[in-house]
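The block underneath contains the structure these notes are about, expressed in structure tokens.
Below, chain A is the first sequence line, B the second, and so on; all start at residue 1.
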Amino acid sequence: MPAGTLYRGREGMWSWVAHRVTGVLIFFFLFVHVLDTALVRVSPEDYDKVVATYKTPIVAVLEYGLVAAILFHALNGLRVIAVDFWAKGARYQKQMLWTVVGVWIVLMLGAIYPVLGHAARVVFGS
Amino acid sequence: MSTTETTASGVGPVEGGSYNVDNPAPYIEAPRQRTKKTPKSTRGNFEMAAWLFMRLSGVVLVVLVIGHLLIQLVLDGGVSKIGFAFVAGRWASPWWQVWDLLMLWLAMLHGCNGLRTVINDYAERANTRLWLKGLLYTATVWTILLGTLVIFTFDPNIR
């Protein structure tokens, strides 16, 4: 079998894949999110009951994942705009991707306590 | 388009003029150049508009959505404080009503167009594309209308 014939992609391809995957996930969440918010037109009790599930530890982890998807999609989207509209955008697309990843990591570290703190208090006791 | 001459040379009208002493050979348009004779494109610029919309709405959504995440998940106790009373407090202000309405419309249209692209890329059979996009557009229209209705008809004293 010839070695090294499989194209494994580079930064450009994998950021494109990640942009698609996060975009589709966010869209499906958005659909559900509009539906759950629509419960405010049914009754305060029904809305609060559903929102209570958003406060459980397992869903908190999902929310952290949602934040991760949204932040990557937002930051990489700005990079895509820069590639399209900035004359030197294409030349610096790799550097911009690593900037995106760096900012994303910092923001995700910052999101740990606000998004997961209450779940940790439930699981480990405050 | 001069069609005046059918002259000595016996050559009929030619695009861009005809043969004569000053114009010994007909001018031939570049193959893809649009001339008055080129049929009007039937496609329009929809794909370009969609491409541009993704970038413009994307920039606005970065601000709207990150602001939304900060308010709902980070500030003031994070998700723990969310409930009917919290929603009622925010939608008492037209500012947040407009914020949420704009976010709803832009995010749904941005996501709808994104999924349209994904469907076009991966669904190979024309019929599959037709059905998937039909489902997508139906879900998008319903979600936008439902969300808009909820924002405009919200009643804090429902009970």
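If you measure heavy-atom distances from A/Val51 to chain B, the contacts under 4.5 Å come from the side chain alone. Heavy-atom distances place the side chain of B/Leu115, and not its backbone, under 4.5 Å from chain A. Contacts between A/Val50 and chain B at a heavy-atom distance below 4.5 Å are absent for every atom of the residue. For chain A, no part of B/Met54 is nearby; none of its heavy atoms comes within less than 4.5 Å. Using a 4.5 Å cut-off between heavy atoms, A/Phe85 touches chain B through its side chain atoms alone. For B/Leu52, the part lying under 4.5 angstrom from a heavy atom of chain A is the side chain only. In this structure, no portion of A/Leu66 lies under 4.5 Å from any heavy atom of chain B. Contact annotation for B/Val74: both backbone and side-chain heavy atoms come within less than 4.5 Å of a heavy atom of chain A. Contact of B/Trp142 with chain A is not made at all, since no heavy-atom distance falls under 4.5 Å. Looking at A/Arg41, the atoms closer than 4.5 Å to chain B (heavy atoms on both sides) sit in the backbone and in the side chain alike. Residue B/Ala139 touches chain A through both its backbone and its side chain, counting heavy-atom pairs closer than 4.5 Å.
Cluster annotation: B/Phe152 and B/Val98 are assigned to distinct hydrophobic clusters (Ile/Leu/Val/Met/Phe/Trp/Tyr, side-chain heavy-atom contacts under 4.5 Å, transitive). Follow the hydrophobic side-chain contacts under 4.5 Å out from B/Tyr137 and you reach B/Phe53 in the same cluster. Linking Ile, Leu, Val, Met, Phe, Trp and Tyr whenever their side-chain heavy atoms come within less than 4.5 Å puts A/Trp14 and A/Trp16 in one cluster. Both B/Leu61 and A/Val21 belong to a common hydrophobic cluster when Ile, Leu, Val, Met, Phe, Trp and Tyr are linked at side-chain heavy-atom distances under 4.5 angstrom. Put simply, B/Leu149 and B/Phe84 are part of two different groups of oily side chains (I, L, V, M, F, W, Y) that touch within less than 4.5 Å, one to the next.
Taking 4.5 Å as the limit, some side-chain heavy atom of B/Ile158 sits within range of a side-chain heavy atom of A/Pro44. The closest side-chain heavy-atom distance from B/Gln72 to A/Tyr54 is not below 4.5 Å. Residues B/Thr140 and A/Phe27 form a side-chain contact, since some pair of their non-hydrogen atoms from C-beta on lies under 4.5 Å apart. Between A/Tyr47 and B/Val87, some side-chain heavy-atom pair lies under the 4.5 Å cut-off.
Around the CG atom of B/Leu145, the shell of radius 6.0 Å holds more than 12 heavy atoms that belong to other residues, nucleotides or ligands. Applying the 6.0 Å contact sphere to CH2 of B/Trp51 captures more than 12 heavy atoms from other residues, nucleotides or ligands. Heavy-atom contacts from other residues, nucleotides or ligands closer than 6.0 Å to NZ of B/Lys81 number more than 12.
Rounding to the nearest 0.5 Å gives a distance of 8.0 Å between CD1 of A/Ile81 and CG of B/Leu56. From A/Ile70, atom CD1 reaches atom CD1 of B/Ile66 across 8.5 Å, with rounding to the nearest 0.5 Å. To the nearest 0.5 Å, atoms CG (B/Asp100) and OG1 (A/Thr37) are separated by 8.5 Å. From A/Leu35, atom CG reaches atom CG of B/Leu146 across 6.5 Å, with rounding to the nearest 0.5 Å.
Your options are B/Val118, B/Thr153, B/Leu69, and the one with the most heavy-atom pairs under 4.5 Å with chain A is B/Thr153. When B/Leu104, B/Thr117, B/Ile82 are compared by the number of non-hydrogen pairs under 4.5 Å with chain A, B/Ile82 comes out ahead. Here A/Leu30 is the residue among A/Leu30, A/Val24, A/Val42 with the most heavy-atom pairs under 4.5 Å with chain B. Contacts with chain B were tallied for A/His118, A/His73, A/Lys55, A/Glu63; A/Lys55 has the most, counting heavy-atom pairs under 4.5 Å. Options A/Val115, A/Asp84, A/Val80 differ in how many heavy-atom pairs under 4.5 Å they form with chain B, and the most are formed by A/Asp84. For the options A/Ala38, A/Gly23, A/Gly77, heavy-atom pairs under 4.5 Å to chain B are most numerous at A/Ala38. Chain B forms more heavy-atom pairs under 4.5 Å with one residue of A/Ile26, A/Val67, A/Val40 than with any other, namely A/Val40.
When the options B/Ile144, B/Thr143, B/Val150 are evaluated for a side-chain contact (heavy atoms from CB on, under 4.5 Å) with A/Val34, the one that passes is B/Thr143.
Of the possible donor and acceptor atoms, none in the side chain of A/Asp48 sits under 3.5 Å from a partner among the backbone N and O of B/Gly83.
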